[in-house]
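This report concerns only the one structure given below.
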Amino acid sequence: MKLAVVGTGYVGLITGVCFAELGHEVVCADKDSGKIEKLRLGEAPIYEPGLQEMLWSNADAGRIAFTTDLAAAVRGSEIVIIAVGTPSTATGEADLSFVERAAESIGEALDGPKTIMTKSTVPVGTNARIEAIVASRAKYPFRVVSVPEFLREGYAIRDTFNPDRIVIGTDRAAEIEAIVELHKPLTDRIFVTDVRSAEMIKYASNAYLATRISFINEIANICEKVGADITQVSAGMGQDRRIGPHFLNAGIGYGGSCFPKDTKALIQIAGNVDYDFKLLKSVVEVNREQRNTMIRKLREYAGSFSGKTFGIWGLAFKPNTDDVREAPALDIVSRLIGEGARVRVYDPAATANFRSLLNDPSIEWCTDPLSAAKGSDGLMLLTEWNEFAEVDLRAVEQTMNTPILIDGRNLFGDKIGAYSRFWYYSVGRPHLN
Ligand code: NAD
């Protein structure tokens with residue numbers, strides 16, 4: 001099939017490359033000319049395991065092309081995929097301006113009957129709005145189908161080829177053969193529903209996952225006070241099939257480009273119909289507070305931050321990505337330097353993105369974990385990259401000025417027992433403090 005992808009970010013690029021890998025002809029459009037220029041040169045503008053190689057092979061095979069000319073991408077395509085961003089507005093609502101501009105351009109560019117497939121996460125009613133915008137401009141028949149995206153950054157290619165399910169939202173089930181055909185090679189678990197329910201499935205899924213994280217973090221905080229170990233508690237809970245083992249890792253809370261904005265948007269969606277989503281408000285509040293726990297613990301061990309140097313391991317909001325949007329590290333590093341500390345930071349992939357959001361003379365950009373720890377008065381692990389689990393902790397301890405280790409992701413666990421000189425704090429595990 002001939003596919004046009006509008007918006008070539010984390011979702012659009014992965015989607016485009018994976019469909020090209022399946023043999024489709026894909027044109028990815030983005031208004032960011034710098035991004036398109038890189039892609040034309042064969043360079044992936046984001047870090048995602050496996051992406052670079054798959055981009056090269058499909059570009060070489062002529063199955064994927066990149067353009068800033070959205071109309072050219074849309075012309076000649078059978079399916080147009082909307083994958084533009086839906087960030088938060090100042091009040092927490094989803095900013096639909098990118099989706100609306102994309103719909104306007106698609107409507108103007110339609111040169112024949114097409115299916116428009118919305119992958120962006122959009123509030124209930126938005127696909128109807130997209131349909132109205134396109135209809136006011138289009139001279140040809142078209143249909144809008146909601147196909148929300150569930151991939152995880154860091155596992156995006158694996159998730160695209162092995163989705164748990166594909167949700168297809170349509171109010172005209174007879175008209176979705178092309179969309180079903182497109183997804184059949186990925187899975188036979190295709191869930192067809194109405195558009196509004198599809199839109200809600202995406203928000204409800206993210207809100208539920210965020211709820212599990214805040215829930216387990218609160219249990220972890222209680223564990224610390226009552227002398228239980230959260231890793232044992234999670235393992236024991238997860239064996240119950242009604243609960244399951246996933247998303248029960250205590251830590252510094254969620255970040256990233258989805259959970260923070262989608263939870264806030266769902267609170268607003270509920271608020272717009274006079275429903276006070278009390279549970280989700282608490283989830284957001286608990287998540288915000290969890291970051292402060294790390295700072296409090298560091299202060300307890302290290303005293304005042306002024307004039308001290310701290311090492312930071314991990315800047316990305318989670319491992320295997322360079323995405324730092326809403327990453328806990330942004331808050332934590334800002335707090336430390338705001339209180340007069342210097343920080344030495346290291347991340348395997350996210351340093352450049354972090355630096356573009358937070359650049360300060362008090363931050364030293366290190367190129368390996370040991371140099372970030374060197375001479376520091378405390379070290380905080382904020383992202384559980386595998387690389388950190390493999391570092392020789394004895395060498396870390398020896399290079400530090402004061403061996404304080406705040407493990408915000410419970411990465412080291414019992415391993416730390418061999419390094420008795422560390423003052424070690426991990427989340428919800430009092431016996432290791
Ligand atoms: P992103 O910010 O990485 O990419 C969006 C891209 O769209 C940008 O490159 C931007 O330049 C481009 N764009 C915006 N308006 C445009 C226009 N009118 N024409 C052409 N290009 C335009 O965003 P993302 O992380 O890929 O997320 C996209 C959507 O998918 C969001 O709604 C998000 O909530 C959802 N989503 C994201 C993930 C994820 O893990 N990132 C997972 C599931 C769903």
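Sequential numbering from 1 along the given sequence is applied to the chain's residues. What you see is a predicted model, and the numbers here were worked out from it, not measured in a lab. Counting starts at 1 for both ligands and their atoms, in listed order.
Judged by distance alone, with hydrogens and angles left aside, the side-chain atoms of K114 form a donor-acceptor pair with the main-chain N or O of S77 at under 3.5 Å. Proximity of a side-chain donor or acceptor of E48 to a complementary backbone N or O of E153 within less than 3.5 Å is not detected. A donor-acceptor pair under 3.5 Å is absent between the side-chain atoms of T321 and the main chain of F317, judged by distance alone. Side chain of R325 to backbone of G256: no donor-acceptor contact under 3.5 angstrom is found.
In this structure, R152 satisfies the cation-pi test against Y155, with its NZ or CZ atom closer than 6.0 Å to the six-membered ring centre and inside 45 degrees of the ring normal. For the pair R165 and F150, the cation sits on the ring face: its NZ or CZ lies under 6.0 Å from the ring centre, inside 45° of the axis.
In this structure, R296 places its CZ atom where more than 12 heavy-atom neighbours from other residues, nucleotides or ligands lie under 6.0 Å away.
Where the criterion is an N or O separation shorter than 3.5 Å, residue side chain and backbone included, E153 meets it with respect to ligand 1. At least one N/O-N/O distance between V11 and ligand 1 falls below 3.5 Å.
Heavy-atom distances between R152 and ligand 1 stay at or above 4.0 Å for every pair.
Of all the heavy atoms of R325, the ones lying under 4.0 Å from any atom of ligand 1 belong exclusively to the side chain. Proximity of L70 to ligand 1, defined as any heavy-atom pair under 4.0 Å, is confined to the side chain (atoms from C-beta onward). Contacts between S120 and ligand 1, counted as non-hydrogen atom pairs separated by less than 4.0 Å, involve both the backbone and the side chain. Contacts with ligand 1 closer than 4.0 Å are made by no heavy atom of S105, backbone or side chain.
By heavy-atom distance, the residue among K31, K261, R101, E149 lying nearest atom 33 (C) of ligand 1 is K261.
Shown in contact with K35 at under 4.0 Å from a heavy atom are these atoms of ligand 1, numbered in order with element: 8 (C), 9 (O).
Of all protein heavy atoms, the one lying nearest to atom 11 (O) of ligand 1 is D30 OD1, 2.6 Å.
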